[in-house]
A.B. asks: 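This is the structure I have questions about; it appears just below.
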Amino acid sequence: MSPDDLVGTLDFLRRAEALKSTLRSGHAASGRPESTAEHTWRLCLMAMVLVDGADGFDLLRLIKMCLVHDLGEAVGGDIPATDPRAADKAAQERRDLLSLTDTLPPARRDEILGLWEEYEAGTSPEAVLAKGFDKLETILQHNQGRNPPGFDYAFNLAYGAKHTARHPLTAAIRAVLDEDTRARMAERPAG
């Protein structure tokens, strides 16, 4: 790596650190808001423990895709699925990703953008799983988190259904998490 490429890469890594402070709408089990970096970490962990050794999947490619899927949020922040701006979320995240990666060597920047675009389009077996796991990790966190009063657990039952239905593994996980969601809904006092 040339000195200029090293400087540019370190600049990218410094800017990507913002994901540690980029908050999502979900809450950790402790009750504090979850960060995008924490979501991404568990998404990668899900890929590792659920797909390692499965035929037809490139685990390294899947993990890389999981690592970059929300990288643009380091610039523009998280847009929750319930936010009206979510309709333009992909276009905004792509613009933010281009801005964030502008100091990287061109080949690395192209790799990250290519992985992100593949994820968004759902055009490979890895992208299908990454999209499904992304939705499932969110549902898992909603069910596990100490959420504020009035949290709408019913949201989980429809959230990402088209993505989680695309592969038998994600559909099976979804069935378990939907039962967890129904149990959380039943725990709520009648209001």
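Numbers here are sequence positions counted from 1.
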A.B. asks: Looking at Thr22 and Gly77, what are the two nearest heavy atoms and their distance?
C.D. replies: CG2-CA, 3.8 Å

A.B. asks: Examine distances only and state if a side-chain atom of Glu120 and a backbone atom of Ala90 form a donor-acceptor pair shorter than 3.5 Å.
C.D. replies: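 It does not hold such a pair.
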
A.B. asks: Set out, in order, the CA-CA distance, both residues' side-chain angles and the distance that settles salt bridge (charged side-chain N to carboxylate O under 4.0 Å, His left out) for Arg184 and Asp180, then state yes or no.
C.D. replies: CA-CA 6 Å; Arg184 288 298 301 256; Asp180 290 349; over 6 Å; no

A.B. asks: Using a strict threshold of under 4.0 Å (side-chain N to carboxylate O), is an ion pair present between Glu117 and Arg94?
C.D. replies: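 Yes, Arg94 and Glu117 are salt-bridged.
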
A.B. asks: Show the numbers, then the answer: is there a side-chain hydrogen bond (donor to acceptor under 3.5 Å, both in side chains) between Asn143 and Tyr153?
C.D. replies: CA-CA 8 Å; Asn143 287 343; Tyr153 288 98; over 6 Å; no

A.B. asks: How far does CD1 of Ile63 sit from CE of Met46, to the nearest 0.5 angstrom?
C.D. replies: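 Between Ile63 CD1 and Met46 CE, I get 12.5 Å after rounding to 0.5 Å.
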
A.B. asks: Verify side chain to side chain contact (heavy atoms under 4.5 Å, CB included) between Thr9 and Arg108, making sure each step is shown before the conclusion.
C.D. replies: CA-CA 9 Å; Thr9 299; Arg108 180 65 68 205; over 6 Å; no

A.B. asks: Show your reasoning for whether ring pair (Phe, Tyr, Trp, His ring centres under 6.0 Å) applies to Phe151 and His142.
C.D. replies: CA-CA 9 Å; Phe151 184 84; His142 286 170; 5.0 Å; yes

A.B. asks: Could Glu17 and Arg14 be called an ion pair, given the rule that one side-chain N must be under 4.0 Å from one carboxylate O?
C.D. replies: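 Arg14 and Glu17: not salt-bridged.
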
A.B. asks: Could you walk me through whether Ile112 and Phe12 pass the side chain to side chain contact (heavy atoms under 4.5 Å, CB included) check?
C.D. replies: CA-CA 12 Å; Ile112 290 172; Phe12 160 77; 4.2 Å; yes

A.B. asks: If only atom types and distance count, is the side chain of Lys89 paired as donor or acceptor with the main-chain N or O of Ile79 below 3.5 Å?
C.D. replies: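 It does hold such a pair.
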
A.B. asks: Out of curiosity, Arg61 CZ to Cys66 SG, how far, rounded to the nearest 0.5 Å?
C.D. replies: 12.0 Å

A.B. asks: If the threshold is 4.0 Å, N to carboxylate O, is there a salt bridge linking Glu111 and Lys64?
C.D. replies: yes

A.B. asks: Between Glu34 and Arg42, is the closest basic N to carboxylate O distance under 4.0 Å?
C.D. replies: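 No salt bridge links Arg42 with Glu34.
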
A.B. asks: Identify whether Leu45 and Val176 are in the same connected component of the hydrophobic contact network (ILVMFWY, side-chain heavy atoms under 4.5 Å).
C.D. replies: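 Per the 4.5 Å side-chain linkage, Leu45 and Val176 are not co-clustered.
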
A.B. asks: Could you tell me whether His69 and Phe133 have their ring centroids closer than 6.0 angstrom?
C.D. replies: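 No - the distance between ring centres of His69 and Phe133 does not fall below the 6.0 Å cut-off.
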
A.B. asks: Would a hydrophobic clustering, with Ile, Leu, Val, Met, Phe, Trp and Tyr connected at side-chain separations under 4.5 Å, put Phe155 with Leu23?
C.D. replies: no

A.B. asks: Side-chain contact, heavy-atom cut-off 4.5 Å: Val75 with Arg95?
C.D. replies: no

A.B. asks: Quick check: closest heavy atoms across Arg24 and Asp78, and the distance to 0.1 Å?
C.D. replies: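 Nearest pair, atom of Arg24 first, then Asp78: CA-OD2, 3.6 Å.
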
A.B. asks: Looking only at non-hydrogen atoms, find the nearest pair between Pro33 and Glu38 and report the distance.
C.D. replies: O-OE1, 4.3 Å

A.B. asks: Please find the pair of heavy atoms, one from Leu43 and one from Ala130, that lie closest to each other, and give the distance.
C.D. replies: CD1-O, 4.3 Å

A.B. asks: Rounded to the nearest 0.5 Å, what's the gap from CZ on Phe57 to CG on Leu50? Could you check?
C.D. replies: 11.5 Å

A.B. asks: Are any of the side-chain heavy atoms of Leu136 and Lys131 separated by less than 4.5 Å?
C.D. replies: no

A.B. asks: Between atom CG of Leu60 and atom CE of Met48, what is the distance when rounded to the nearest 0.5 Å?
C.D. replies: 13.5 Å

A.B. asks: Could you give me the CA-CA distance, side-chain angles and deciding distance for Met65 and Glu118, then say whether side chain to side chain contact (heavy atoms under 4.5 Å, CB included) is met?
C.D. replies: CA-CA 8 Å; Met65 205 171 289; Glu118 185 179 327; 3.2 Å; yes

A.B. asks: Going only through I, L, V, M, F, W and Y residues with side-chain contacts under 4.5 Å, is there a path from Leu62 to Leu140?
C.D. replies: yes

A.B. asks: Which value, rounded to the nearest 0.5 Å, describes the distance between Asp134 atom CG and Asp70 atom CG?
C.D. replies: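 Taking CG in Asp134 and CG in Asp70, the distance rounds to 6.0 Å.
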
A.B. asks: Yes or no on side chain to side chain contact (heavy atoms under 4.5 Å, CB included) for Thr138 and His39, after CA distance, side-chain angles and deciding distance?
C.D. replies: CA-CA 8 Å; Thr138 298; His39 161 70; 3.8 Å; yes

A.B. asks: Would you mind reporting whether Thr164 and Ile173 have side-chain heavy atoms less than 4.5 Å apart?
C.D. replies: no

A.B. asks: Would you say Val7 ends up clustered with Met1 if hydrophobic residues are merged whenever their side chains have heavy atoms under 4.5 Å apart, either directly or through other cluster members?
C.D. replies: no

A.B. asks: Ignoring hydrogens, what is the shortest heavy-atom contact between Arg109 and Thr101? Give both atom names and the distance.
C.D. replies: NE-OG1, 3.1 Å

A.B. asks: Hey, could you give me the CZ/NE2 distance between Arg32 and His27, rounded to the nearest 0.5 Å?
C.D. replies: 10.0 Å

A.B. asks: Would Asp178 and Arg174 pass as an ion pair if we require N to O under 4.0 Å?
C.D. replies: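 Between Arg174 and Asp178 there is a salt bridge, with a charged N closer than 4.0 Å to a carboxylate O.
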
A.B. asks: Are Leu19 and Leu13 joined in one hydrophobic group, where the rule is that I, L, V, M, F, W and Y side chains link up if heavy atoms are under 4.5 Å apart?
C.D. replies: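 In one cluster with Leu19: Leu13, yes.
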
A.B. asks: Identify the heavy atoms of Gly72 and Asp96 that sit nearest to each other, and give their distance.
C.D. replies: O-CB, 3.3 Å

A.B. asks: Can you confirm whether Ser99 sits close enough to Arg15 that some side-chain heavy atom of one is under 4.5 Å from a side-chain heavy atom of the other?
C.D. replies: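 With C-beta onward as the side chain, the pair touches.
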
